[in-house]
K.L.:
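Provided herewith is a single structure, encoded as structure tokens, for subsequent inquiry.
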Amino acid sequence: MIILGMIPLLGISVIAASLLLIVKEESNIVNSLVPFLLLVSGVFYPVGVLPHSLQLVARAVPVKYVVDAAKLLSALSTTSGAALFTVLYILAFMGVAYNLAAFLLVGKVDAKAKARGVD
Amino acid sequence: MSRLRPIVYLHLLRTWRYKYSFINSTFNITFWIAIFILGALLFVPEEELATTGPYVFWGVTLWNIISTSVWYIAGWSIWFFVSLGLVEDHMLHNTRTLYVLAGRLVTIATQVAMVTPFMYLLVSYATGARFPLAVKPLFLLYGLATATVMAVSYGLILSAISLRTGVPGPLLDITNFLIFIVGGVAVPVAMLPGPLRSVAVAIPYSHAAEVMRYGAAGLEPYLPLTVEVAVSGIVAAAMAAVAYILFAYLENKYIRIHGVRGVGRM
């Protein structure tokens, strides 16, 4: 489950890394990704306590589903496995979607960087 | 004044040039504080949420000022100021290192101004109340001003130690964390457990925080108000004096003779 949850995160990381090539700043501009993912993933407390807008954003964050699955497994609160498989399907879909987006974006950024140079 | 203008311009220009890092930093601080606020408020009884709002909001705002000041001055001095070789460069142009580093207040103020509205929205949402920002604005401003002077002075003192020892930002993490937990910043001193109150009273920021809370929500300070006002003013002035004296010694008796030796130098 954790490994499956890491696959979409790889895509998100590549997207963030592509942005670094565009903004070209010396410090790491992706520092805020970690606390953001922690905030909206329900790691520390349920996503339900967040403002409604952040709850909507949380649906697009893969870590939320890993946390959901961990809760389901640790509490053995599902007997049919339907809920667990829903989470697995969502993570699999996100893995494909984010990595596809990353693949397309990094190609464009790479072409732009080659044309413009990176100073 | 003619020497301060280029320093202010330098920091404004640098903030603009590194705008993405600056915005990233704003979100970084906001998210970390949001994680803390939402977590802490989960344990506050529902009927007390509305009254807790101002303390929580101004507590995190004050901590943001303290934390940002220390990191943006003490951290920056070694990791950027020394690494880029700017100490000698400024001294050759007859510009004091102290003034350049104190000029970071421009960046700090901009950062705090960007984070604070997010914090207000978040605390308002979490407590379900649109609380007034101040009931006695002068006391609030006095508390914030003295805390800012203390924080900037503390950042400069750490910076002076860093420039002398070559160790970047000694004590940065430990002191920031301790001050927030037991320093009377997060919660009023009177609400801390018995022994911790004595510790909080010994930490300078607690006096400024008590004055600030009195101005923000009318909460009576742990010590009499006049004592808190006097202590926070005196401590702020004393810390500023210590920072000034340390830098005077450092610039005239150390750097001119030995140069700077930062670990971060590349």
K.L.:
Tell me, which pairs form a salt bridge (Lys or Arg N to Asp or Glu O under 4.0 Å) where one or both residues lie in residues 21-33 of chain B, sequence neighbours left out?
P.N.:
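As it turns out, there is no salt bridge (Lys or Arg N to Asp or Glu O under 4.0 Å) pair with a partner in residues 21-33 of chain B once direct neighbours are skipped.
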
K.L.:
Using a cut-off of 6.0 Å, state whether more than 12 heavy atoms not belonging to Y45(A) lie near its atom OH.
P.N.:
yes

K.L.:
More than 12 heavy atoms of other residues, nucleotides or ligands under 6.0 Å from CE of M6(A): is that the case?
P.N.:
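Incorrect, the count does not exceed 12.
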
K.L.:
Testing the basics here: between L38(B) and V49(A), what is the closest heavy-atom pair and its distance to 0.1 Å?
P.N.:
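Minimum heavy-atom separation between L38(B) and V49(A): CD2-O, 4.2 Å.
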
K.L.:
Let me confirm one number: the CG-CD1 distance from L50(A) to I35(B), rounded to the nearest 0.5 Å.
P.N.:
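Those atoms lie 9.5 Å apart.
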
K.L.:
Measuring from F27(B):CZ to L39(A):CG, what's the distance to the nearest 0.5 Å?
P.N.:
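So the CZ of F27(B) and the CG of L39(A) are separated by 12.5 Å.
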
K.L.:
Ignoring hydrogens, what is the shortest heavy-atom contact between P35(A) and F31(B)? Give both atom names and the distance.
P.N.:
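The answer is CB-CB, 3.5 Å.
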
K.L.:
With sequence neighbours left out, write down each residue that passes side chain to side chain donor-acceptor pair (under 3.5 Å) with D89(B), or none if nothing qualifies.
P.N.:
none

K.L.:
Does any backbone or side-chain atom of F44(A) lie under 4.5 Å from a heavy atom of chain B? Answer side chain, backbone, both or neither.
P.N.:
side chain

K.L.:
Under 6.0 Å from the CG atom of L92(B), do we count more than 12 heavy atoms belonging to anything else shown?
P.N.:
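Yes, enclosed.
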
